[in-house]
Amino acid sequence: ITAGGRQKKRERLAKTENPYILLLCKLYKFLARRTDSKFNKVIYKRLNMSAKNRPPLSLSKLDKFMKSKDGKVAVVVGTVTDDKRMFDVPKLSVFALRFTE
């Protein structure tokens, strides 16, 4: 090992300028640390990802995932994109960072 020793593992921090995403990161970092919930850890990890690593989710895929989950809220850390192939969209409760159209 050269002088200075090993480099400690650094946690990636969100590089976004958006204050709301930064506040969400702060909240979920606290919740991930103070609770045993795996959900909070996953949300914090995905909020910290760069926009390139947060792929969009189409409306048809979201509908497929939420087929048997009536009354539940879908949480998408990313963009929900419009799907031109779907003519009638069922009622869904969705929480996402962005929506297109």
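Starting from 1, each residue takes its place in the sequence as its number.
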Q: Look at the side-chain heavy atoms of Ile, Leu, Val, Met, Phe, Trp and Tyr, link any pair under 4.5 Å apart, and say whether Y44 and F95 land in one connected group.
A: yes

Q) Honestly curious: do F39 and V77 fall in one hydrophobic cluster under the side-chain, below-4.5 Å linking rule? A) yes

Q | side chain to side chain contact (heavy atoms under 4.5 Å, CB included) between S93 and K72, intermediate numbers included | A | CA-CA 7 Å; S93 298; K72 298 266 185 175; over 6 Å; no

Q: For N53, look at atom CG and say whether over 12 heavy atoms of other residues, nucleotides or ligands are found less than 6.0 Å away.
A: yes

Q: Walk me through it: do T79 and R54 pass the test side chain to side chain contact (heavy atoms under 4.5 Å, CB included)?
A: CA-CA 8 Å; T79 306; R54 269 192 270 128; over 6 Å; no

Compile the donor-acceptor pairs under 3.5 Å between side chains in residues 24-35 and protein atoms, sequence neighbours left out, one pair per line.
residue: T35; atom: OG1; partner: L31; partner atom: O; Å: 2.5
residue: T35; atom: OG1; partner: N40; partner atom: ND2; Å: 3.1

Q) Is there a donor-acceptor contact under 3.5 Å from the side chain of N48 to the main chain of A14? A) yes

Q.
Could you work out, with salt bridge (Lys or Arg N to Asp or Glu O under 4.0 Å) as the rule, every residue matching K84, not counting sequence neighbours?
A. D82, E101

Q. CD1 of I43 to NZ of K38: how many Å apart, nearest 0.5 Å?
A. 12.0 Å

Q | Value rounded to 0.5 Å, distance of NZ in K15 from OG in S50 | A | 8.0 Å

Q: Begin with the C-alpha distance, continue with both residues' side-chain angles, and end with the deciding distance and a verdict on side chain to side chain contact (heavy atoms under 4.5 Å, CB included) for L97 and L47.
A: CA-CA 9 Å; L97 292 181; L47 279 169; 4.2 Å; yes

Q: Output the rest of the hydrophobic cluster of V89: all Ile, Leu, Val, Met, Phe, Trp and Tyr residues reachable through side-chain heavy-atom contacts under 4.5 Å, sorted by chain and number.
A: L57, L59, L62, F65, M66, V76, V80, M86, L92, V94, F99

